[in-house]
Number of protein chains: 2
Amino acid sequence: MPSSPQQIAQLRDQFIAQLRATFTDKEPRGLYAPIDYILDLGGKRIRPVVALLAAQMFGDDDLSKSMPVALAVEVFHNFTLLHDDIMDDSPLRRGQTTVHEKWDINTGILSGDLMLIQAYQYLCNCPNKTALPDLLSTFNRVATGVCEGQQYDVDFEVRDDVTIGEYLKMIELKTAVLLGGALEMGALAAGANQEDADHLYAFGRLTGLAFQLQDDLLDTYGDSASTGKLQGNDIIRNKKTFLFLKAIELLAPEGREELNGWFSSSPADPAKKVSRVTELMTSVGIPEAVAKLRDEFQAEAYAHLDAAGGAPAVKVVLRDLTESLLQRIS
Amino acid sequence: MPSSPQQIAQLRDQFIAQLRATFTDKEPRGLYAPIDYILDLGGKRIRPVVALLAAQMFGDDDLSKSMPVALAVEVFHNFTLLHDDIMDDSPLRRGQTTVHEKWDINTGILSGDLMLIQAYQYLCNCPNKTALPDLLSTFNRVATGVCEGQQYDVDFEVRDDVTIGEYLKMIELKTAVLLGGALEMGALAAGANQEDADHLYAFGRLTGLAFQLQDDLLDTYGDSASTGKLQGNDIIRNKKTFLFLKAIELLAPEGREELNGWFSSSPADPAKKVSRVTELMTSVGIPEAVAKLRDEFQAEAYAHLDAAGGAPAVKVVLRDLTESLLQRIS
């Protein structure tokens with residue numbers, strides 16, 4: 001029996017081989033080349049891998065039923081990255097030039113549009129035709145949620161009255177529902193019943209929330225050498241994450257005023273801002289508060305994984321993958 | 001028995017009522033409000049009306065089977081308009097401010113993305129579930145073609161060696177396949193067999209080509225009072241339509257050089273350019289050449305309509321609608 005990391009690496013390799021097999025020399029190149037480019041930039045391929053694992057829980061050992069779902073979620077995810085990079089005017093994605101920088105904005109819009117269409121096309125390729133209406137219904141719900149989450153994220157940038165509840169709802173929509181959807185659709189494609197698929201959706205949604213909190217925590221408190229990201233980046237960019245919102249809630253009026261002041265400024269040398277904001281957050285126990293909520297989400301997530309039917313051996317792999325992702329970024 | 005214009009007006013009204021019933025007060029408003037806005041700007045609603053007529057040919061008298069298709073094609077069409085307006089930086093659409101001008105580019109991108117998702121969602125609402133795989137396969141094919149056509153259109157702007165064949169392929173993809181797809185999907189949703197649906201697709205595709213040629217013809221030779229458009233607009237914008245490409249083919253070297261010269265210039269007062277280019281085109285029989293090709297496409301289109309099964313009375317309405325659209329713009 002191969003270990004969990006071996007099984008996961010093997011699934012990832014199988015997926016990447018299938019993904020590369022979709023690369024095309026079709027015309028017009030200006031439309032198709034950017035799609036292959038962004039899909040080949042790399043990434044952890046978490047969503048397709050968990051979709052395949054969810055399917056294996058329900059007997060899709062050779063992945064023939066769920067590979068189209070894996071392609072659909074990965075192409076959809078990269079479509080959102082492509083359009084988000086335009087909206088955020090980001091020059092880099094995974095250390096490489098973004099599509100709209102390498103080509104232009106119009107190319108980015110149009111190639112992204114086609115990727116959304118292709119995601120549906122892959123989903124329609126699922127051989128389990130009786131599952132198709134449920135697969136589409138899940139995909140439509142998830143894709144709609146992701147757009148709503150992105151819009152809330154944009155809206156929140158110019159609002160100063162965002163509540164913690166609103167922030168959690170935003171990250172749920174923007175990132176967590178797609179992880180849940182990947183698991184739900186993988187299970188459905190393999191023939192799981194809706195109840196089991198719902199448990200896997202909940203497992204993915206709650207795990208996605210835990211991941212995002214962990215990400216936010218490490219952005220401020222992580223070791224930038226091991227995370228590979230600039231420490232305090234969210235603070236520098238005045239990003240109102242859970243850490244900020246919770247600190248505002250917990251600080252006394254004086255500290256609250258100081259934190260709000262820092263978050264209205266963008267000093268050329270941000271070192272002092274980062275260290276002082278971190279101090280303020282630490283003074284009211286933010287690291288502990290984030291860790292507590294993260295662990296609550298993750299515990300609830302595992303309860304859903306336990307409640308789902310399916311092969312226990314594959315559940316172990318899913319759990320090991322989740323832990324390693326939380327470790328890797330902690 | 002109501003006349004064709006009465007039947008068409010009634011279908012259009014029924015469709016608009018259904019379309020407006022989809023308008024929503026859902027949050028976030030920044031995402032949903034632009035969608036209702038662009039869908040309410042008006043337009044002839046040709047694609048949904050022909051989808052409903054195609055369904056009526058095959059017995060969907062109360063439109064319950066085909067209304068979701070009509071919504072899907074109209075929302076998809078408006079999604080393409082929204083993103084095209086961003087790419088062309090157009091300030092106006094149907095005489096009103098475009099979405100990216102009224103809101104901003106990011107809103108235009110994201111609301112457009114959601115409209116594409118909604119189009120799939122409407123299609124999935126078709127009550128005829130056995131037709132769903134075929135409906136989705138048609139929609140995926142058509143939507144992919146529309147993106148390809150848009151990319152060719154962009155590519156051709158900076159190429160000076162576009163052939164007539166390439167131009168016709170571009171307008172087929174960019175505009176004609178969606179008209180064909182609306183008819184094909186309307187028929188499929190009503191339970192037509194694929195052979196009949198294919199004939200309707202061909203009828204729509206060829207009619208779309210005839211419409212585009214007629215549009216191009218009237219842009220140069222139409223009466224701007226009756227078309228409502230600036231005469232010679234394509235000439236002013238150096239747009240390489242069928243008229244230009246055919247004139248280049250037919251002119252002697254001297255005239256060809258002059259025409260190419262005009263199409264490399266953008267004079268502040270374009271009156272002389274428009275009149276001289278028109279003269280050059282007329283001198284080699286362009287109006288007759290365009291009319292001939294248009295009529296060939298339309299004759300072939302009607303042959304497919306005749307060959308399709310379905311209620312002859314509804315075919316008459318489809319034919320009357322086609323004629324009135326060719327008249328209205330002639």
Side-chain angles (χ1 to χ4, degrees), chain A residues 26-32 34 76 79-80 82-84 86-89 104-126 129-130 132-137 139-156 169-170 173, chain B residues 26-32 34 76 79-80 82-84 86-89 104-126 129-130 132-137 139-156 169-170 173:
Chain A
K26 252 195 262 182
E27 298 282 344
R29 294 309 300 149
L31 183 64
Y32 286 100
F76 175 81
F79 142 74
T80 65
L82 207 174
H83 277 191
D84 283 3
I86 298 173
M87 297 186 216
D88 299 340
D89 198 14
D104 53 43
I105 289 180
N106 288 358
T107 299
I109 295 174
L110 195 60
S111 294
D113 291 345
L114 183 56
M115 290 174 82
L116 179 51
I117 293 162
Q118 289 181 330
Y120 277 99
Q121 209 153 12
Y122 291 126
L123 205 62
C124 294
N125 289 345
C126 283
K129 292 302 170 206
T130 55
L132 189 59
D134 287 340
L135 285 170
L136 284 161
S137 150
F139 193 86
N140 288 331
R141 187 190 82 226
V142 164
T144 301
V146 172
C147 289
E148 289 176 355
Q150 171 67 11
Q151 182 67 42
Y152 280 124
D153 197 14
V154 170
D155 290 348
F156 289 178
K169 183 80 196 162
M170 184 274 283
L173 289 167
Chain B
K26 251 193 263 180
E27 297 284 345
R29 295 308 301 149
L31 183 64
Y32 287 100
F76 175 81
F79 141 73
T80 66
L82 207 173
H83 277 191
D84 284 3
I86 298 173
M87 297 186 218
D88 299 339
D89 198 16
D104 53 43
I105 288 180
N106 288 357
T107 299
I109 294 174
L110 195 61
S111 294
D113 291 345
L114 183 56
M115 291 175 81
L116 178 51
I117 294 162
Q118 289 181 330
Y120 277 98
Q121 208 153 12
Y122 291 127
L123 204 62
C124 294
N125 289 343
C126 283
K129 291 301 170 208
T130 55
L132 189 59
D134 287 340
L135 285 169
L136 284 161
S137 147
F139 194 86
N140 288 332
R141 189 190 79 226
V142 164
T144 302
V146 171
C147 290
E148 291 177 351
Q150 171 68 11
Q151 183 66 42
Y152 280 123
D153 198 13
V154 170
D155 290 346
F156 289 178
K169 183 78 198 166
M170 183 273 284
L173 288 167

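In what follows, chains carry the letters A, B, and so on, assigned in the order in which the sequence lines appear, proteins first and then strands, with residues in each chain numbered from 1.
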Residues forming a side chain to side chain contact (heavy atoms under 4.5 Å, CB included) with [X], sequence neighbours excluded:
X         : value
Thr80(B)  : Phe76(B), His77(B), Val146(B)
Ile86(B)  : Ile109(A), Leu82(B), His83(B), His100(B), Ile105(B), Ile109(B)
Lys129(A) : none

Nearest-0.5 Å distance that lies between atom [atom1] in [X] and atom [atom2] in [Y]:
X         : Y         : atom1 : atom2 : result
Leu110(B) : Cys147(A) : CG    : SG    : 5.0 Å
Lys26(B)  : Thr144(A) : NZ    : OG1   : 7.0 Å
Asp155(A) : Leu31(B)  : CG    : CG    : 9.0 Å

Handout entry: Region of Phe139(B) in contact with chain A, defined by heavy-atom distances below 4.5 Å
Key =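 For Phe139(B), neither part sits under 4.5 Å from chain A.
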
Problem - Leu132(A) portion near chain B, given a 4.5 angstrom heavy-atom threshold - result: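 The answer is the side chain of Leu132(A).
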
Handout entry: Residue-level contacts of residues 116-123 of chain A with chain B, using a heavy-atom cutoff under 4.5 Å
Key =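 Leu116(A), Ile117(A), Tyr120(A), Gln121(A), listed by number.
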
Completion exercise
Interface check, chain B: of Arg141(A), Gln150(A), Met87(A), most non-hydrogen pairs under 4.5 Å belong to Met87(A)

Handout entry: Steps toward side chain to side chain donor-acceptor pair (under 3.5 Å) verdict (Tyr32(A), Glu148(B))
Key = CA-CA 9 Å; Tyr32(A) 286 100; Glu148(B) 291 177 351; 2.4 Å; yes

Practice task
Would you indicate whether the side-chain heavy atoms of Asp88(A) and Asn106(B) approach each other to under 4.5 Å?
Solution key: no

Exercise for the section: Would you mind telling me which of Asn140(B), Asp104(B), Thr107(B) has the largest number of heavy-atom pairs within less than 4.5 Å of chain A? Expected result: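 Answer, by heavy-atom pair count under 4.5 Å with chain A: Asn140(B).
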
